[in-house]
*Asks:* 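Sharing a structure with you now.
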There are 2 protein chains.
Amino acid sequence: MSVATVSRALNNTRSVDPALADRVRTAAAELGYQPNAIARNLRRRGTRVWALVIPNIDNPFYTALARGVEEAASELGFSVLLYNTDEDEGREHRYLDVAGQERVAGAVLVPRARDSDVSSLLDAGIPLVVVDRPLDRGGDFVTAASFEGAETATEHLLSEQWRRPACISRPADTPTAEQRRQGYQAVVDRHGLPSVVCQIPFHAEEGVAMVDELLAGEDAPDSFLTVDSMLALVVLQALRRRRLRTGRDVGLISFDDAVWAQVVEPPLSVVAQPAYEIGVAAARLLSERIRDGFDETGARTVTMRTTLIVRGSSRPPPSPRG
Amino acid sequence: MSVATVSRALNNTRSVDPALADRVRTAAAELGYQPNAIARNLRRRGTRVWALVIPNIDNPFYTALARGVEEAASELGFSVLLYNTDEDEGREHRYLDVAGQERVAGAVLVPRARDSDVSSLLDAGIPLVVVDRPLDRGGDFVTAASFEGAETATEHLLSEQWRRPACISRPADTPTAEQRRQGYQAVVDRHGLPSVVCQIPFHAEEGVAMVDELLAGEDAPDSFLTVDSMLALVVLQALRRRRLRTGRDVGLISFDDAVWAQVVEPPLSVVAQPAYEIGVAAARLLSERIRDGFDETGARTVTMRTTLIVRGSSRPPPSPRG
DNA sequence: TTGTAGGCGTTATCAT
DNA sequence: ATGATAACGCCTACAA
């Protein structure tokens, strides 16, 4: 029989004799035939692969996100290429380029900054869903309510009698970190309190020293809001160094409900983000764009809720001071 | 000029007029031309993509491994497909299949068990480097010295006056966990002590309850060796429930130096594995196999050293008992 | 040095 | 329902 018939049989196209189709399938199985996706992609003018570009695979928030994206992708019949930019613009740019050359069917991107250059994707007509950190240029976007989450956390700190909360954040060109800082700032402003912000670079060895310095200063903060879980680690180490205990000597709330949050003493209060669900939502959005083609005008933004989980680290000092 | 000339110019083939080549390149740049990797792959009969198949992206050991593989791959000009099996044999098998169909140039695999079926890769002639957990069938393999690491840790527990160490492990068909259990067992046997082993399934909700039960039993263990960092979390939660403190009421050492190990009180003693370096080594090995073709006979095994890092959680009880 | 043309493995189109 | 065939975009003999 002809190659065409075989192709049809294997692809379950109607209009092929069931008996014949069966023969083809068994033969294929026996010979261990595997369709060549490369040739198929060429013919179909497109791959069944997505790119997932994240800033830091060591941050549990992004691994949970990745899990969501990968799981949903696999259910939709896509494989996902992992690109870890390490918060480096150069790497991000190169990765976006090679993703374009690989002719991925779509991409999920957590950009380094608001002005990340996504032209290689867009020029190639590759659908893009941006996640966690927004892009100035707009486009489909999935995130959690950073500003509100930070507001709620800061308010909580104040309601627990903490009087000088500080915000431990990231460089100001990091959109999400900046939104959280602003949420914090809105609250301290509202209460007529001074704003104390410390921006710790991503790859800094000196993070602990920076927080330590803050603690050593004149009007040292009595509590902290950290914008990601790695920063909570930094603060906890600085506190340990000075023998300061959370939920007693200082208050602490962190973004992201890391797995270890419940084994520190006292347990860590957090602003939880639904990282996995964000990944799944991004995947769904992307697959729709791929199916329906994408239309600059109809950009959608999905904002997920954050949840303040109060545990021991933010409880009030034994004898209220305020 | 002809397409052939253009192709040659873009690929820096010698035997093309430099001036002409330059014109081609500028033109290509201006038009934003991107070579179509799909067509190129078809022609070259191979992609520039690897598959990375891991059991659990939430386990920091595997994310560090992934980081190593991805970084090295990218330097070698490869992209990497991420497949997260979630310790599920069915998923593993399906993933290996699609990786084969995607005609990846090579694969790095952390198999579910010793008998994982890698035939779809092998039949397709795709080089494979197995990592962390060995396969019965042999082949290139990179890992850390699990048995010895467990021995050292258990000896340390005993030298610190702990008398009834237990091993919190994983299902017996998990090669690495099993090796660690054996390392533990060798030591307790040698000392004429009873072996207490608890195998906690990967997706178990009841892990904490299982450890709690152990603690409640007659001859409850006075110390623990956990075979991965997620299990350390489980033990710590069980201990918290009973208000037991490590490095005092019980001893604890875990495999894998998780980021949070130094912020629990007291800090966690660990058997550290060079996860990142294991990933890099696997990548190097894979790229050699791809270059030189691979030869069943010359399978190589790379075993990295583990390091016992003694911190507070394994220090002896205040008043020696024994 | 440059051009021509065949083929990589599929699938879609057009006949039969 | 099946068969023949062209095309997807690139690379590389081979010819000029």
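We name chains A, B, ... by the order of the sequence lines, and we start the count at 1 in each one. Just the heavy atoms: all of them, side chains too, but no hydrogens, waters or symmetry mates, feed the values below.
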*Asks:* I need the minimum non-hydrogen distance between B:F202 and B:P171, along with the two atoms involved.
*Replies:*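 Minimum heavy-atom contact is CE1-CD, 4.1 Å.
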*Asks:* Over how many whole Å does the gap from B:M1 atom CE to C:dT1 atom P extend?
*Replies:*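 Rounding to the nearest Å, CE of B:M1 and P of C:dT1 are 15 Å apart.
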*Asks:* Is the backbone N or O of A:L76 less than 3.5 Å from a side-chain atom of A:R48, with the two atoms forming a donor-acceptor pair by type?
*Replies:*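 Yes, A:R48 side chain to A:L76 backbone: donor-acceptor pair under 3.5 Å.
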*Asks:* Does any N or O in the side chain of B:D86 come within less than 3.5 Å of the main-chain N or O of B:D88, such that one atom is a donor and the other an acceptor?
*Replies:*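 Not confirmed, B:D86 side chain does not pair with B:D88 backbone.
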*Asks:* Output the residues of residues 20-42 of chain B in contact with DNA chain C, where contact means a heavy atom of the residue under 4.0 Å from an atom of the strand; sort by number or write none.
*Replies:*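 Under 4.0 Å from DNA chain C: B:L20, B:L42.
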*Asks:* Ignoring backbone atoms, establish whether B:S7 has a side-chain N or O less than 4.0 Å from OP1 or OP2 of D:dC11.
*Replies:*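 B:S7 to D:dC11 OP1/OP2: side-chain N or O found under 4.0 Å.
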*Asks:* How many Å lie between CZ on A:R45 and P on C:dA12, as a whole number?
*Replies:*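 The answer, rounded to whole Å, is 12 Å.
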*Asks:* Check whether any side-chain nitrogen or oxygen of B:R44 sits under 4.0 Å from OP1 or OP2 of D:dC10, and answer yes or no.
*Replies:*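 No.
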*Asks:* Short question: side chain of B:T143, backbone of B:D132 - any donor-acceptor pair under 3.5 Å?
*Replies:*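 Side chain of B:T143 to backbone of B:D132, a donor-acceptor pair under 3.5 Å: yes, one is there.
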*Asks:* Between atom CD in B:E102 and atom P in C:dG9, what is the gap in whole Å?
*Replies:*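 Rounding to the nearest Å, CD of B:E102 and P of C:dG9 are 16 Å apart.
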*Asks:* Looking only at non-hydrogen atoms, find the nearest pair between A:V110 and A:R133 and report the distance.
*Replies:*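 Between these two residues, the closest heavy atoms are CG1-CG, 3.8 Å.
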*Asks:* What N/O pairs connect the protein and nucleotides 4-6 of chain C at under 3.5 Å? Give each pair on its own line.
*Replies:*
unit_1: C:dG6; atom_1: N2; unit_2: B:R43; atom_2: NH1; d: 3.0

*Asks:* With no hydrogens and no angle check, do the side chains of A:T176 and A:R170 hold a donor and an acceptor under 3.5 Å apart?
*Replies:*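 Distance-only check fails for A:T176 and A:R170.
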*Asks:* Does the A:S79 side chain pair with the main chain of A:V49, one donor and one acceptor, at a distance under 3.5 Å?
*Replies:*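 Checking the backbone N and O of A:V49 against the side chain of A:S79, no donor-acceptor pair under 3.5 Å is found.
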*Asks:* Would you please name every residue forming a ring-ring contact (aromatic ring centres under 6.0 Å, His included) with B:Y95, sequence neighbours left out?
*Replies:*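 Testing B:Y95 for ring-ring contact (aromatic ring centres under 6.0 Å, His included), a comparison that skips the adjacent residues, returns B:Y83.
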